[in-house]
Amino acid sequence: MSTEEQLKDERRGKAGKMRDLGIDPYGGRYENILSTAAVRERADGLDLTAGDIRTDERARVAGRIVLQRVMGNLVFLTIRDGSGDLQFALSKKNVRDDWPAIKLLDLGDHIGCDGSLGMTKTGELTLWADTFTMLSKAIHPPPSKWHGLSDVELRYRHRYVDLFANPPVRDVFRQRSLIIQAVRDYLIGCDYIEVETPALQPIYGGAAAKPFTTHHNALDIKLYMRISPELYLKRLLVGGMERVFEVSRNFRNEGISTKHNPEFTMVELYEAYGDYNVMMERVEGMTSLAIERLGGGFKRPYGEVEIDYSVPWRRCKYGDLLLEHAGVSMSDAQAVRKKADELGIDHTKMADAVVVNVVFEQTVEDHLVQPTFVYDYPAALCPLTRRHPEDENIALRFEVYVNRMELGNAYTELNDPAVQEANFREQLAGEGDTMAIMDEDFVLALEYGMPPAGGLGVGLDRLVMLLTNSQSIRDVILFPLQRARRATEV
RNA sequence: GGGGGCGUAGCUCAGUCGGUAGAGCAUCGGCCUUUUAAGCCGCUGGUCACAGGUUCAAGUCCUGUCGCCCCUACCA
């Protein structure tokens with residue numbers, strides 16, 4: 001008996017035998033349970049010694065069987081719940097009438113037991129059970145009890161197996177929750193309010209990316225999945241909501257890589273009467289609080305390098321970095337194009353600003369390992385950004401890089417409706433996608449008057465990657481996009 | 001889009017020069033009341049991703065398809 005169907009039939013048969021014994025193999029409500037972590041905490045105060053069984057220290061614990069050691073009329077089970085593992089001991093003498101059902105248990109089943117806390121001869125904290133409750137029969141056998149699940153395709157396609165078979169995976173997602181909560185708490189502490197804006201948009205904007213398109217049947221209109229919440233959040237500034245943020249799932253119909261998933265999560269925020277310098281402090285502030293909540297300090301490993309998140313982070317002008325690493329001035333179009341030739345870039349159909357940016361990406365980005373704010377971008381690339389008061393060709397924008405990866409993007413927001421409208425109408429040559437798609441209602445909103453403001457977007461998946469030392473965005477997204485396969489396969 | 005790699009039992013993996021499809025764990029049957037991946041004895045279990053081709057003979061070589069991973073390009 002060993003093909004998958006045979007293994008499952010064996011387990012189905014055991015579920016049937018449990019029913020014959022009057023036991024529902026799928027259990028029901030089970031109350032007053034202690035987590036395995038809580039049991040450990042309690043045991044720490046009991047001063048147990050090897051061989052103790054404390055009949056006065058009772059506990060009820062539930063979880064999944066991940067290891068099973070049967071020694072005749074005594075069974076040791078390793079039970080896993082959301083907080084960790086704990087050993088159960090079930091002896092025929094103690095559980096009496098339940099013994100026949102216990103012999104029908106398999107790896108992967110969920111059970112619950114009441115028992116006395118104790119410690120075995122070898123010093124292992126153990127729940128010595130005297131009652132037994134069947135909570136769920138696993139029909140599909142779990143992966144290797146020792147190696148877990150290592151096939152990456154199966155790990156992503158069947159993440160639920162990955163999560164219970166590979167405990168470090170679950171910890172990454174616990175940390176993800178802590179990080180996102182820290183970001184929320186930080187912003188709430190700065191007097192922001194959290195809002196929700198449309199994910200289905202008739203006009204997409206706020207970023208340069210291809211959208212997913214869909215259709216609303218009742219209204220018979222074309223809709224786009226948002227690529228960014230930017231233009232809606234800025235409308236809220238017009239409405240007098242002076243500090244707003246949204247944890248926004250964005251959808252971009254682009255390539256997939258270790259740093260890109262078609263749907264990803266950003267926190268985007270706008271602060272009236274602020275500017276991009278304030279936004280730098282917001283990035284530092286939310287990251288610092290997340291690190292404090294996670295523990296582990298501000299110097300953290302990422303792959304082969306150590307990243308130092310101590311504030312303040314390095315602040316560098318875009319133009320200075322370009323001069324340092326490419327040896328050309330961002331305002332000298334001829335020199336930039338000559339450099340592009342050296343780099344083998346075909347720039348004949350690109351606007352000057354686009355060439356500058358391609359050269360920047362190829363020469364500078366590799367040097368941006370430690371957290372760095374790169375600020376004052378070529379204005380032509382930034383249709384939603386306010387111009388530098390002393391140089392029309394510079395936009396008050398920064399991107400923040402960590403480990404060569406863009407973590408966030410911020411502006412001193414453009415609030416002049418005439419300039420905004422002109423920017424929307426200008427199409428930049430050589431840019432595949434543009435963030436300058438005319439949104440007349442947004443221009444109208446600016447005409448009513450938007451306060452000067454700073455705005456920021458931070459890629460939360462990438463922040464989680466960095467802080468949890470995860471090398472792929474798929475390792476921090478529970479169900480990363482995979483090509484669909486028929487349910488009968490894999 | 002381009003390049004490279006991978007796909008063998010439920011899981012983790014071997015498989016040499018092309019010559020009978022293998023191991024551990026799990027399962028199944030025995031023994032076993034203090035184990036720690038329990039142990040011991042015994043037995044099962046395969047569309048070698050899929051479809052073709054070369055060959056006396058293909059898991060192995062060739063072509064195509066599907067899926068996944070990495071690099072690269074685009075992007076955030």
Side-chain angles (χ1 to χ4, degrees), chain A residues 1-11 13-14 50-53 66-78 85 87-95 99 106-108 118-126 128 138-158 161 165-166 206-210 227-228 250-266 268 345 357-358 361-362 399-401 405-409 431-433 435 457-463 465 471-474 480 482-486 489-490:
Chain A
M1 297 286 276
S2 176
T3 68
E4 187 173 335
E5 257 328 291
Q6 288 169 331
L7 291 168
K8 287 161 76 170
D9 276 344
E10 195 69 44
R11 286 162 177 257
K14 289 177 180 176
D52 278 355
I53 299 179
V66 293
L67 292 172
Q68 183 172 223
R69 295 173 289 281
V70 182
M71 14 248 333
N73 293 319
L74 174 64
V75 178
F76 290 101
L77 302 175
T78 301
D85 293 356
Q87 176 165 273
F88 285 14
L90 291 77
S91 81
K92 185 178 182 180
K93 201 168 70 183
N94 288 347
V95 300
W99 187 250
D106 283 302
L107 295 178
M119 195 170 265
T120 61
K121 284 178 184 171
T122 52
E124 179 80 18
L125 178 63
T126 298
W128 290 89
I139 298 304
H140 200 292
S144 164
K145 63 186 183 185
W146 183 242
H147 298 95
L149 187 65
S150 65
D151 181 311
V152 282
E153 182 177 354
L154 296 183
R155 286 185 48 223
Y156 295 147
R157 286 191 189 282
H158 306 298
V161 181
N166 302 326
K210 294 183 187 66
I227 58 173
S228 158
N250 297 337
F251 305 86
R252 297 188 185 176
N253 208 336
E254 310 272 356
I256 296 174
S257 80
T258 50
K259 299 181 179 67
H260 301 83
N261 194 62
E263 54 180 300
F264 66 103
T265 305
M266 291 192 72
E268 191 143 332
I345 298 164
N357 206 43
V358 174
E361 284 167 3
Q362 292 210 5
E399 292 197 348
V400 55
Y401 282 85
M405 181 165 72
E406 188 191 332
L407 177 63
N409 181 24
E431 227 187 8
D433 303 300
M435 61 175 86
V458 172
L460 290 178
D461 310 287
R462 289 182 175 182
L463 182 61
M465 284 174 70
Q471 304 304 308
S472 170
I473 200 168
R474 294 182 207 96
Q482 300 280 96
R483 199 178 293 268
R485 306 186 72 170
R486 280 176 303 164
E489 295 180 36
V490 180

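All heavy atoms count here, side chains included; hydrogens, waters and symmetry mates do not.
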Next on the checklist: Tell me whether the side-chain N or O atoms of A:Gln87 pair up with the base of B:U35 as donor and acceptor below 3.5 Å, since no angle test is needed here.
Outcome noted: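 Answer yes: a donor N or O sits under 3.5 Å from an acceptor.
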
Checklist entry - Is a donor-acceptor pair below 3.5 Å formed from side chain A:Thr120 to base B:U36, judging by atom type as modelled? => result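 Donor-acceptor pair under 3.5 Å: yes.
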
Return no unless some side-chain N or O of [X] is found under 4.0 Å from OP1 or OP2 of [N].
{"X": "A:Lys145", "N": "B:A38", "answer": "yes"}
{"X": "A:Arg483", "N": "B:C66", "answer": "no"}
{"X": "A:Arg69", "N": "B:U35", "answer": "no"}
{"X": "A:Ser150", "N": "B:U12", "answer": "yes"}
{"X": "A:Lys14", "N": "B:C28", "answer": "yes"}

Heavy atoms from C-beta onward define the side chain here; which of [options] lies closest to that of [X]?
{"X": "A:Pro143", "options": "B:C11, B:A26, B:G45", "answer": "B:C11"}
{"X": "A:Asp151", "options": "B:U33, B:C71, B:U12", "answer": "B:U12"}
{"X": "A:Gln482", "options": "B:A76, B:C69, B:G10", "answer": "B:C69"}

Next on the checklist: For A:Gln471 versus A:Thr258, what's the shortest heavy-atom pair and its separation?
Outcome noted: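 Distance-wise, the nearest heavy atoms are O-CB, 3.9 Å.
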
Next on the checklist: A quick test of your reading: do over 12 heavy atoms of other residues, nucleotides or ligands sit less than 6.0 Å from NZ of A:Lys8?
Outcome noted: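 It does: A:Lys8 NZ has more than 12 such atoms within range.
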
Item to check | side chain to side chain contact (heavy atoms under 4.5 Å, CB included) between A:Ile227 and A:Asn250, worked out | outcome: CA-CA 5 Å; A:Ile227 58 173; A:Asn250 297 337; 5.7 Å; no

Checklist entry - Is B:G7 paired to anything, Watson-Crick or G-U wobble with both distances less than 3.5 Å, and if yes, which nucleotide? => result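 Across all strands, the one nucleotide that pairs with B:G7 is B:C66.
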
